[in-house]
Amino acid sequence: MHRTYDHKSIEDKWQKRWQQEKLYEVHEDTSKKKFYCLIEFPYPSGEGLHVGHVRSYTALDIIARKRRANGYNVLYPIGWDAFGLPAENYAIKTNIHPAVTTKKNTDTYRRQLQSLGFSFDWSREINTTDPAYYKWTQWIFLQLFKKGLAYKAKTLVNWCPSCKTGLANEEVVDGACERCGTGTEKREREQWMLAITKYADRLYDDLDPLDFWEQIKTQQRNWIGRNKGVEIDFPIDTNDTKSNEKITVFTTRPDTLFGATYLVLAPEHPILTQLQNSISNWKEVEGYCKQARAQKDIERTAQGRKKTGIELFGISAENPANGERIPVWVADYVLSQYGTGAIMAVPAHDVRDFEFADIFNLKKIMVVCPHYPKKTCPVLDSAYTGDGHMVASGDFNGQTNAEAAKNITAFVHGRERVTYKLRDWVFSRQRYWGEPIPIINCPTCGFVPVPEEQLPVRLPMIENFKTNDAGESPLAGATDWVNTTCPSCEGLAKRETDTMPNWAGSSWYYLRYTDPHNSNTFSSTEALAYWTPVDWYNGGMEHTTLHLLYSRFWHKFLFDEKQVPTSEPYAKRTSQGLVLAEGGAKMSKSKGNVINPDDMVERFGADTLRLYEMFMGPFDQAIAWSIDNMVGCRRFIERVWRLQEKVKQDAILDEDTSTLFHSTIEKVGTDIEQMHFNTAISSLMILTNHLEKVSSIPEKAYKDLLLLLAPFAPHITEELWSFLNEKKSIHTHPWPLSDVHTALPKTVTIVVQINGKIRGTLLLPSQSAETAVREAAEKNENIAKNLNGKTIKKIIFVKEKLINFVLL
RNA sequence: GGGCGGGUGGUGAAAUUGGUAGACACGCUAGCCUUAGGAGCUAGUGCAGUAAUGCAUGGGAGUUCGAGUCUCCCCCCGCCCACCA
């Protein structure tokens, strides 16, 4: 009977068998309730699988396995998000084609993932670089183009001088390129854009009913940055004549209008050139604007940077509230992309304006007074941004600032407006390793979509992967490919050489999983109707504002096009915490502190690694790696292994053990659903510790233990299961049932307190009434001693918990 | 500056509605066993104290019979965003 636990042979054996038996393949089955759980498919980097991947994938693997045991038809798919910069940068260095690198890396990842025993349906494996896949990425782009949601525009884009490519705002971190860390610049370029801002309101409002973790919703809302405010016109006076020009500002504080002592324009504001003849110091102004634009983002937004600006001589604006003439300035602290690119400055009530006014000696007027009632109010030492009552505001004096906001807006004919921080999505990349944008540039017809029957537009094989000096994609060098005929007029034309960003393929991949081999459509109506939406999606917090928002946008578009049956792609979204190196630093190749999952599987086994990653801390928290603690998980499964010697078919469970079993079944089930994996495992350890103390274990009970452990440690439980003459896999067996009554303990410990201090405990039958508990307490020696001669003022009794004697 | 998390033993951490703080695990200590191992078993392990007992959940106040949990003030750490009017 006794066999030693050899993780390597056991894990190899079962992984092969599961594959042969196609244990985890699923098909639509309308007789069963579906459950679609999804992890973010990995980018197959050269470094191989990260232990952070293992944490996320194990968590959903546990949930997938538990839901299968609950009778659900579970889809848990996997694939590769394989377009992207590292493979291309590697190609530039070594001249090895990205397709070759990608093939090699996906093979490594596949082997690694399979060695961990995840219950993926490998028959649905997808790859974003597969033409049969990106055909549909291109197809979706064409639908966006046909609806006017993909357009080409000359915009200031973030430019990385090292990667020689344009970057989305989201790829610029602290003014530097997310990938290589080089400071980015602003460049003007024709770029393909996607009009995500048209969906801003729906992306914002539709979050409410979703089962996303609250922090994820909040982050998306902040990113969309919806803000309600007012547009107000300020007429412009030139020195000579009254012109008809006006400057429109956006403000969220119309109540402070009487305190607006100057206007500020962004250096890019178009009215500057319109008014240049009236601006007497135009040369200096022009110089300032040029300088501001040339600055790198990192310089322009550096923290603690002193504000700069220049006054426009020769023109002034009129405050529409009181008719006063106020100066107009240009300063780079005003952003051209937000609001109207112009602000009314209220130094007394805005921290930035306060700072600016201090530097240039501009007037401050206090109009919202924190104390009431008052006729006047001195300017404070810093900007006052709170609420109060109006002063120095004409007819509006004495009103609360909330009332005044409405009234002043009406008085100056302000227009209510909603603004967003969200910008349209820069969708062009001057890169090779991405999906070609399926557009043909025709000198006579303009931008012509490639006819759908000609999709996919295949990425041609090239030899030089470098962006050329003009900043064009390497595809520009593939002249045979670039030169083509216009589908519309049949004249000579050129293909678009920009490619898509790697967010493209990941914006819809979860749809392809539902029907991955379909060549007529990206997925059949039936498959989509059955599987969508994704029921549970887990991934990194770092993707909350990028990938998650982009894919919600694409999905909503496809919903509007009647291509998908739901308006949201994901019903539930959760996130795992980071896995850090020992000591708490981030894992990185350069620091040499990366833990390779292969080593862990080799030394401890996949089951131990999985358990360890789930046990070591709360799932949503960052966790530092610890080899020492992994040993504890290995010991735990070895103890379960050794318990097999105690299994006797005719053994009978005593009452305590039976109670513990049922409460453990309860706890493990609910803990898994709440992602409290650490406490689920701890309760299994408690059960195991207890079983070590009983003389023999009934086979049925041991099987229940294995069933509870199976989602966490699928291999060892399958092996032990097979020892019990079970022919079918443990992973096809239903989840054990708990009996609520048996789960309730027969006796409970009651705490006895005197004046709130613990003076003893009593072991009493559960459900004992107050009188019985009091009687027992008073018989207790220590309690009696403490109560002796004292008057009881009050008794607090909490059933099943405590009795507290409050003495005078 | 804004948003969101956190702060509990030597360590990772537990703790329904306020009700035995430290479950579970690592480490450590002592003992046992041995085919000497990255093994197993038994007992112990918040701090102080021989003990009774006292003190302990970042700090301070408060509410309560009773606070890790609720309220107020303050300090510190992490992540994300940030001259967004």
Side-chain angles (χ1 to χ4, degrees), chain A residues 170 173-174 213-219 221-223 225 227 229-230 249-253 256 260 264 266 300-305 307 331-335 337-346 349-353 355-356 385 419-423 541-542 544-545 577-578 580 584 603-604 611-612 615-618 620-636 638-639 642 670 676 678-686 688-689 692 749-761 782 793-807:
Chain A
E170 296 87 314
V173 178
D174 290 334
W213 280 357
E214 211 45 50
Q215 43 189 325
I216 295 170
K217 288 188 186 180
T218 309
Q219 240 183 68
R221 288 195 192 107
N222 290 347
W223 190 263
N227 211 346
V230 175
V249 304
F250 175 77
T251 180
T252 55
R253 294 293 306 272
T256 64
V264 191
R300 190 166 160 176
T301 62
Q303 203 170 24
R305 177 172 166 268
K307 287 191 169 39
D332 64 6
Y333 81 91
V334 173
L335 305 173
Q337 314 95 310
Y338 186 78
T340 59
I343 62 153
M344 62 178 213
V346 187
H349 299 289
D350 181 280
V351 278
R352 293 149 305 182
D353 299 342
E355 188 194 333
F356 192 78
T385 54
T419 57
Y420 306 88
K421 292 179 193 172
L422 187 71
R423 314 276 155 76
M541 270 317 274
E542 71 273 20
T544 304
T545 50
L578 282 177
L580 305 167
R603 279 169 67 185
F604 297 99
L611 272 167
Y612 165 67
F615 180 62
M616 276 324 295
D620 57 343
Q621 247 172 59
I623 163 193
W625 197 262
S626 161
I627 288 267
D628 280 351
N629 288 324
M630 193 130 99
V631 173
C633 292
R634 169 74 189 211
R635 283 183 196 153
F636 165 54
E638 286 188 7
R639 284 209 290 273
R642 267 182 257 122
T670 53
H676 294 165
N678 52 337
T679 50
I681 293 167
S682 112
S683 69
L684 287 169
M685 286 172 168
I686 292 168
T688 303
N689 291 346
E692 279 179 335
T749 308
I750 307 276
V751 174
V752 185
Q753 296 183 335
I754 290 172
N755 286 336
K757 299 231 175 215
I758 293 148
R759 286 292 178 265
T761 57
N782 194 37
K793 189 178 148 197
K794 192 159 103 176
I795 291 177
I796 311 276
F797 176 69
V798 183
K799 207 170 168 187
E800 306 272 275
K801 293 269 186 209
L802 67 69
I803 186 160
N804 184 10
F805 297 92
V806 184
L807 306 181

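For A:R635, counting side-chain heavy atoms from C-beta on, the closest listed nucleotide (B:G27, B:C81, B:U20) is B:G27. For A:R639, whose side chain is taken as the heavy atoms from C-beta onward, the closest listed nucleotide among B:C24, B:C83, B:C41 is B:C41. The side chain of A:I686 approaches B:C24 more closely than any other nucleotide in the set B:A25, B:G19, B:C24. Listed nucleotides: B:C4, B:G19, B:U20. Nearest to the side chain of A:T218: B:C4. The nucleotide whose nearest atom lies closest to any side-chain atom of A:I758 is, among B:A15, B:U20, B:G40, B:U20. For A:Q215, counting side-chain heavy atoms from C-beta on, the closest listed nucleotide (B:A25, B:C4, B:A21) is B:C4. Considering only side-chain atoms of A:V806, the nucleotide from B:C65, B:G12, B:G19 that sits closest is B:C65. Counting only heavy atoms from C-beta on, A:K757 has its side chain closest to B:C55 among B:G12, B:C55, B:U17.
Base pairing of B:C79: its partner is B:G3, meeting the Watson-Crick or G-U wobble criterion (both donor-acceptor distances under 3.5 Å). Shown here, B:G66 forms no base pair; nothing in the strands shown gives a Watson-Crick or G-U wobble contact with both key distances under 3.5 Å. Pairing of B:U35, defined by two Watson-Crick or G-U wobble distances under 3.5 Å, is not identified with any nucleotide. Base pairing annotation: B:U29 forms a Watson-Crick or G-U wobble pair with B:A43, both donor-acceptor distances under 3.5 Å.
Using cut-offs of 30° and 60° for the angle between ring planes, the A:F250 and A:Y338 rings count as perpendicular.
Of the inter-residue distances, the one linking A:Q753 atom CD with A:T761 atom OG1 reads 12.0 Å to the nearest 0.5 angstrom.
Whole-Å rounding puts the A:D628 CG to B:G27 C1' distance at 8 Å. Atom-to-atom, CH2 of A:W223 to P of B:G3 comes out at 18 Å; the value is rounded to the nearest Å. Spacing between atom CD of A:Q337 and atom C1' of B:A82 amounts to 13 Å, rounded to whole angstrom units. Regarding A:N804, its CG atom lies at a distance of 14 Å from the C1' atom of B:A67, rounded to whole Å.
Between the side chain of A:Q753 and the base of B:G19 there is at least one donor-acceptor pair of N/O atoms closer than 3.5 Å.
The phosphate of B:G66 (OP1 or OP2) has no side-chain N or O of A:N755 nearer than 4.0 angstrom.
Counting only distance, with no hydrogens or angles, the side chain of A:R759 and the backbone of A:V752 share no donor-acceptor pair below 3.5 Å.
Nucleotide B:G9 is shown with a syn base, its glycosidic torsion being within 90° of 0.
Comparing A:I627 and A:N222, the nucleotide of RNA chain B nearest to each residue sits closer to the 5' end for A:N222.
In this structure, the ring of A:W223 has its center no less than 6.0 angstrom from the ring center of A:Y420.
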